[in-house]
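Read the structure below first, then the notes.
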Amino acid sequence: MESRLEDFFKEKLDEAEEKPSSEGRGNQEDVTGNWVRYFRSLVEDRYANSRNLKNVYLFSASYDGDKRCAVLKFYNPEDKKIYLWYDTTGHKPYCLTNIPQEELENIPEVKGVKGLDHFETVEKFSLLLDKPLRVTKIVAQDPLTIGGKPSGSIRDILPKIRHDAKVWEADIKYYECYIYDLGLDLGLPYNIEDGKLVKNKLTSINFEVEKLFADESKDFFQYLKSWVELLEAPLPSLKFIALDIEVESPSLDKVPDPREASHRVICASIVASDGVKYVLLLRRGEAKGEEFDRLDDAKVEFYDDELQLICRIFRFLVEYPIVVTFNGDEFDLKYLYHRAQKLGLQKEDIPIQLTREYAYLPYSIHIDLYRFFFNKAIQVYAFDQKYRDVNLQDISTVFLGIGKVELDKNVSELDYRQLAVYCLRDSELTFKLASFDGNLVLKLIIALARITRMILEDVSRQSVSNWIKSLMYWEHRKNSYLIPSSEEILAVKGSTSTHAIIKGKKYRGAIVIEPQPGINFNVVVLDFNSLYPSIIKRWNLSYETVRCPHEECKDNLIPETNHWVCRKRQGLTSLVIGSLRDLRVRWYKVKAKDKTLPEEVRVWYSVVQRTLKVILNASYGVFGAEHFALYCPPVAEATASIGRYAIKTTIQKAWELGIEVIYGDTDSMFLRNPSENQVEALMEWSRNVLGMELDIDKQYRYSVFSTRKKNYIGVYHDGNVEIKGLTGKKRNTPEFLKKTFAEMIKILGEVKSKDDFDKAREKIKSIVKDCYVKLKNRQYSLEELAFTVVLGKDIEDYNKTIPQHVKALKLLPEKEKVDVGAGSVIRYVKVRRDPGVKLITHAKVDEIDTEKYVEHIQTTFEQVLDALGISFNEITGAPREAKLEFFQ
DNA sequence: GCGGACTGCTTACCT
DNA sequence: ACAGGTAAGCAGTCCGCG
């Protein structure tokens with residue numbers, strides 16, 4: 001596929017790079033000419049319309065403003081390159097309106113809009129009204145005519161002309177509209193035959209799956225089938241690079257502004273999946289040590305000219321199909337874009353496009369891992385909150401066991417070798433974050449793209465509400481359903497009928513059962529297997545079915561609300577979320593553990609089940625989120641309400657069966673020493689009566705509860721200890737407390753029987769006592785005493801109250817305050833004098849307010865001591881209090 | 001002028 | 001920029017107190 005021309009220019013470029021200009025800053029033309037020629041030839045050649053390609057994977061799409069059409073990006077696993085394909089179907093941007101075609105034709109303000117193509121009358125089905133609707137399709141020659149111009153777009157002028165004008169589907173990005181209309185599947189293989197797009201034959205549905213879901217309705221089964229086809233499709237082997245650059249910086253701790261790009265790019269490093277490693281360094285006037293041509297397994301190149309170095313980076317950006325960065329959107333690529341222009345390169349010769357939020361690579365796929373790991377849903381559900389702070393240092397330490405190279409001075413002051421080592425490490429870490437566990441992260445992104453029908457760039461950056469929006473929109477278009485506007489849904493279904501416990505919330509959520517304080521042996525924890533998605537499936541919840549327009553459904557009420565649910569039509573959300581849930585629980589989760597399957601298949605199944613988990617966990621919440629495109633509070637409210645109903649009735653049934661329920665939260669029930677028969681009976685009852693699966697989630701040798709909800713310790717039969725919610729493991733708790741707490745936990749893990757507790761009690765008392773004494777003697781360092789708190793917003797935004805960590809910050813001189821903002825981590829200690837707090841960097845050990853810290857020891861340990869029948873005063877030597885005994 | 005009761009704010013957690 | 005519920009610590013306000 002690669003042309004002679006491309007090879008020719010590549011050689012030319014290599015030549016140019018092998019003899020970096022010796023006479024210092026040479027002619028601009030010489031420096032960049034080779035790059036520009038090479039780049040232009042590449043665009044004309046390989047990136048020109050591809051007419052014949054086999055088995056290429058659809059990874060991305062966008063709109064080409066020059067050619068005025070959609071362009072798709074395909075990845076060819078054969079030669080591991082990206083190919084562009086420009087639309088050949090003549091598809092055009094459009095939106096829909098309720099104004100009849102004849103009327104539109106007679107409105108001069110509309111007819112006169114430049115870029116308008118034509119009108120059509122089409123039939124769509126309105127789920128909201130449960131009836132067909134004739135609407136007018138306004139077709140334009142370019143997306144901006146529909147919407148997005150500062151003024152004068154169809155989207156904006158129609159409501160001005162007629163007050164009852166409705167406009168639908170006008171704020172969908174054009175390439176998304178294109179994907180939905182053509183029913184394209186992202187991440188799946190296609191063929192291009194004589195310029196036409198042909199989907200590869202799909203993996204047929206597995207016989208086992210078919211058998212597993214034989215009892216489901218026809219519609220439901222159709223959904224299962226289409227998901228399986230997507231998710232069982234083969235996965236291409238991927239080729240990618242990680243990139244990182246270093247920029248001279250004026251002062252310590254000050255990151256150069258990428259828009260200004262006023263400082264030199266002094267180093268770049270590239271680590272590629274094919275083993276290629278490069279460090280590119282800028283020769284600088286000042287002595288920066290000896291030059292060298294290798295650094296471990298990386299090739300090192302020195303450049304006299306900064307622009308030449310940057311062009312070298314650009315070559316990597318167009319030659320590799322996938323480029324991975326850590327914060328490339330906000331820094332590396334943004335910087336390179338502006339810096340290259342500053343040094344004289346034309347915009348069109350830079351292979352980077354900046355939008356408001358992204359650095360987009362038109363000839364490859366840019367994945368910014370920072371954006372991906374920042375996603376809360378990814379953080380919590382895909383990675384079980386293994387990392388807390390989103391930065392390269394912490395994330396790579398968690399997943400790879402290595403961190404960044406530590407610096408003791410400004411990057412500008414490092415010698416060549418130190419700089420190279422530092423920079424190379426960063427791109428190595430970035431590379432490994434994309435590739436660990438067999439490219440887990442990239443696979444997650446592809447699995448997400450397949451399900452959501454989003455391009456890789458979007459799905460890896462945007463959050464759950466956009467994922468679900470996209471997959472729902474795709475389903476609407478597939479079935480010719482009119483996509484309702486958010487206002488429309490709200491107008492018809494805006495009301496809620498319950499009251500939240502927390503002020504300012506819209507509706508009542510889950511319930512938490514009051515725990516029975518004390519210690520209990522043999523505790524079995526049952527939970528509803530993905531409760532909310534199950535409810536959405538079983539109760540047919542969707543924006544069109546909750547409060548549906550049919551009189552005859554109005555008696556089909558949802559507990560504790562005045563909402564009813566449709567009996568006549570299967571809800572779209574119910575089908576989509578329900579099928580994904582069942583597939584995860586009954587197929588992918590099971591198969592991910594199936595040792596008879598080849599390792600590679602198992603790994604993919606585990607990726608899929610994790611991806612589904614992320615989507616499913618968010619599926620309920622989005623309907624209660626104002627910014628979600630299909631925001632529908634009654635759907636969220638109904639879901640939570642049925643959840644409360646499910647757990648309440650199940651607990652009641654448990655008592656009837658003679659099982660003691662000692663705690664429960666949302667979807668879980670903690671049973672005290674139940675018999676196998678009792679557990680089995682309860683699970684069966686739930687299956688038969690509620691129609692919901694109840695599973696054994698975990699079994700504890702014993703559990704420790706105080707009177708507090710969302711706070712407990714569970715000790716598994718193997719001695720592993722699970723701690724939930726306790727102060728002793730919170731992030732902001734001082735280290736000395738966490739350490740002492742961990743010692744106590746270790747003792748608890750060793751307790752096997754009631755008798756062991758007597759010994760454990762004594763040990764725990766002495767551990768806490770030691771802590772108390774050490775504190776009193778001021779033997780703890782400031783490091784150990786510091787509270788670590790994340791600043792929730794910028795300092796000046798605290799106008800209601802001034803919390804302690806902000807108080808500590810206010811003592812800083814103005815010019816140091818500017819470096820602190822939302823997201824900064826603040827470490828402070830409590831002192832006796834005036835404001836009571838000081839930043840760790842400003843305090844001394846003898847200022848510490850030990851009395852305050854004693855209170856913290858007390859609250860931290862009382863959460864456990866209570867249940868053990870130990871009073872804190874007994875430990876510190878204060879008068880003995882009555883001892884509580886919880887054993888029965 | 002001070003302390004207790006109360007509410008509200010902030011952070012971190014649970015499901 | 002997925003939801004609501006809970007704990008803890010502190011900030012700020014109101015009220016009573018001859």
Side-chain angles (χ1 to χ4, degrees), chain A residues 357 374-381 385 388 461-469 496 498-515 525 527-528 530-533 577 614-633 635-641 643-644 647 663-670 697 706-712 722-733 787-793 797-808 822-823 825-826 830 835-837 852 855-856 858-860 862-863:
Chain A
E357 297 146 327
F374 192 82
N375 185 319
K376 199 84 204 155
I378 294 292
Q379 210 172 124
V380 178
Y381 303 121
Q385 287 203 52
R388 292 245 152 93
R461 286 170 174 81
Q462 298 179 6
S463 55
V464 285
S465 65
N466 282 324
W467 299 349
I468 295 176
K469 171 177 96 173
T496 53
T498 58
H499 287 285
I501 291 172
I502 307 170
K503 247 190 206 160
K505 301 286 184 188
K506 288 163 286 196
Y507 59 89
R508 167 126 337 162
I511 43 173
V512 187
I513 308 300
E514 201 74 52
V525 182
D527 73 347
F528 289 105
S530 46
L531 175 71
Y532 289 156
I577 299 301
V614 180
I615 293 177
L616 291 168
N617 272 315
S619 63
Y620 138 79
V622 292
F623 283 98
E626 277 161 75
H627 295 288
F628 178 50
L630 300 172
Y631 173 52
C632 186
V635 169
E637 187 179 28
T639 312
S641 217
R644 292 194 300 275
I647 190 172
Y663 179 63
D665 186 348
T666 312
D667 62 353
S668 65
M669 283 147 286
F670 290 57
D697 179 29
S706 68
T707 56
R708 299 160 188 83
K709 295 171 174 180
K710 299 186 189 280
N711 267 262
Y712 62 86
E722 191 167 59
I723 307 155
K724 295 286 184 184
L726 301 187
T727 303
K729 77 156 213 184
K730 287 199 179 183
R731 233 177 4 152
N732 52 355
T733 299
F787 291 84
T788 311
V789 182
V790 176
L791 196 62
K793 44 193 177 190
D797 295 339
Y798 288 89
N799 31 35
K800 289 176 176 136
T801 58
I802 313 290
Q804 295 213 309
H805 56 294
V806 182
K807 265 190 188 163
V825 177
I826 316 299
K830 301 196 173 179
V837 286
K852 268 269 177 262
E855 284 174 32
H856 283 284
Q858 180 160 6
T859 47
T860 303
E862 249 174 10
Q863 293 171 353

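Nothing here was measured: the structure is a model prediction, and the numbers come from that model. A note on names: the letters A, B, ... follow the listed sequences, proteins ahead of strands, and every chain is numbered from 1.
- Within the nucleic acid shown, A/Tyr507 comes within 4.0 Å of sugar-phosphate atoms alone, with no base atom in reach, counting heavy atoms only.
- For the ring pair (Phe, Tyr, Trp, His ring centres under 6.0 Å) test, residues two or more places apart in sequence or in another chain that qualify with A/Tyr712 are A/Tyr663, A/Phe670, A/Phe705.
- Contact annotation for A/Ile511: no contact, since no heavy-atom pair falls under 4.0 Å across all strands.
- Side-chain N or O atoms of A/Lys506 include one that pairs as donor or acceptor with a backbone N or O of A/Gly624 at under 3.5 Å.
- Applying the 4.0 Å criterion to OP1 and OP2 of C/dC10, one finds that A/Thr801 has every side-chain N and O outside that range.
- Among the atoms of the strands shown, only primed sugar atoms or phosphate atoms (P, OP1, OP2) are found under 4.0 Å from some heavy atom of A/Tyr798.
- Comparing A/Thr860 and A/Lys800 along DNA chain C, the residue whose closest nucleotide (by nearest heavy atom) sits nearer the 5' end is A/Thr860.
- A/Ser463 has a side-chain polar atom (N or O) that falls below the 4.0 Å cut-off from OP1 or OP2 of C/dC2.
- Side-chain proximity of A/Ala625 to C/dT6, C/dA3, C/dA11: nearest is C/dA3.
- Rounded to an integer number of Å, the gap from A/Lys852 NZ to C/dC10 P is 5 Å.
- Atom CD of A/Glu357 is separated from atom C1' of C/dA1 by 12 Å (rounded to the nearest Å).
- Rounded to a whole Å, the OH atom of A/Tyr631 is 14 Å from the P atom of C/dC2.
- Not less than 6.0 angstrom separates the ring centroid of A/Phe623 from the ring centroid of A/Tyr631.
- Atom CZ of A/Arg708 and atom C1' of C/dG9 are 14 Å apart (whole Å).
- Nucleic acid contact for A/Ala500: sugar-phosphate only, since backbone atoms but no base atoms lie under 4.0 Å from a heavy atom of the residue.
- Here the side chain of A/Asp667 pairs no donor or acceptor atom with the backbone of A/Ile647 at under 3.5 angstrom.
- A side-chain contact (heavy atoms from CB on, under 4.5 Å) with A/Phe787 is found for one member of A/Gln804, A/Lys830, A/Arg731 and no other, namely A/Lys830.
- Within 4.0 Å (heavy atoms only), A/Asn711 reaches sugar-phosphate atoms of the nucleic acid but no base atom.
- When each of A/Gln385 and A/Asn799 is assigned the nucleotide of DNA chain B with its nearest heavy atom, A/Asn799 is the one assigned upstream, toward the 5' end.
- From the 5' end on, the contacts that DNA chain B makes with chain A at under 4.0 Å to a non-hydrogen atom open and close at B/dG8 to B/dT15.
- Applying the 4.0 Å criterion to OP1 and OP2 of C/dA11, one finds that A/Lys807 has a side-chain N or O inside that range.
- Heavy-atom nearest nucleotides on DNA chain C were determined for A/Ala618 and for A/Gln863, and the one closer to the 5' end corresponds to A/Ala618.
- Distance CZ (A/Phe374) to C1' (C/dA1): 10 Å, rounded to an integer number of Å.
- Between A/Thr859 and the phosphate of C/dG9, there is a side-chain N or O to OP1/OP2 separation shorter than 4.0 Å.
- Within a 6.0 Å sphere centred on NZ of A/Lys793, other residues, nucleotides and ligands contribute more than 12 heavy atoms.
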When the side chains of residues 498-505 of chain A are checked against the rest of the protein, which donor-acceptor pairs come out under 3.5 Å, sequence neighbours left out?
from, atom 1, to, atom 2, distance (Å)
A/Thr498, OG1, A/Arg508, N, 3.0
A/Thr498, OG1, A/Glu637, OE2, 2.6

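- Salt bridge status for A/Lys710 with A/Asp665: present, with a side-chain N to carboxylate O gap under 4.0 Å.
- The nearest whole Å value for the distance from the NZ atom in A/Lys505 to the P atom in C/dG4 is 5 Å.
- Out of C/dT6, C/dA7, C/dC10, the shortest distance to the side chain of A/Val512 is found at C/dT6.
- Backbone-only engagement by A/Val790 is indicated by non-hydrogen atom pairs under 4.0 Å involving sugar-phosphate atoms exclusively.
- Among the protein residues, A/Gly621 comes within range of the nucleic acid bases, having at least one heavy atom under 4.0 Å from a base atom.
- Residue A/Ile502 is in base contact, counting any heavy-atom pair closer than 4.0 Å across all strands shown.
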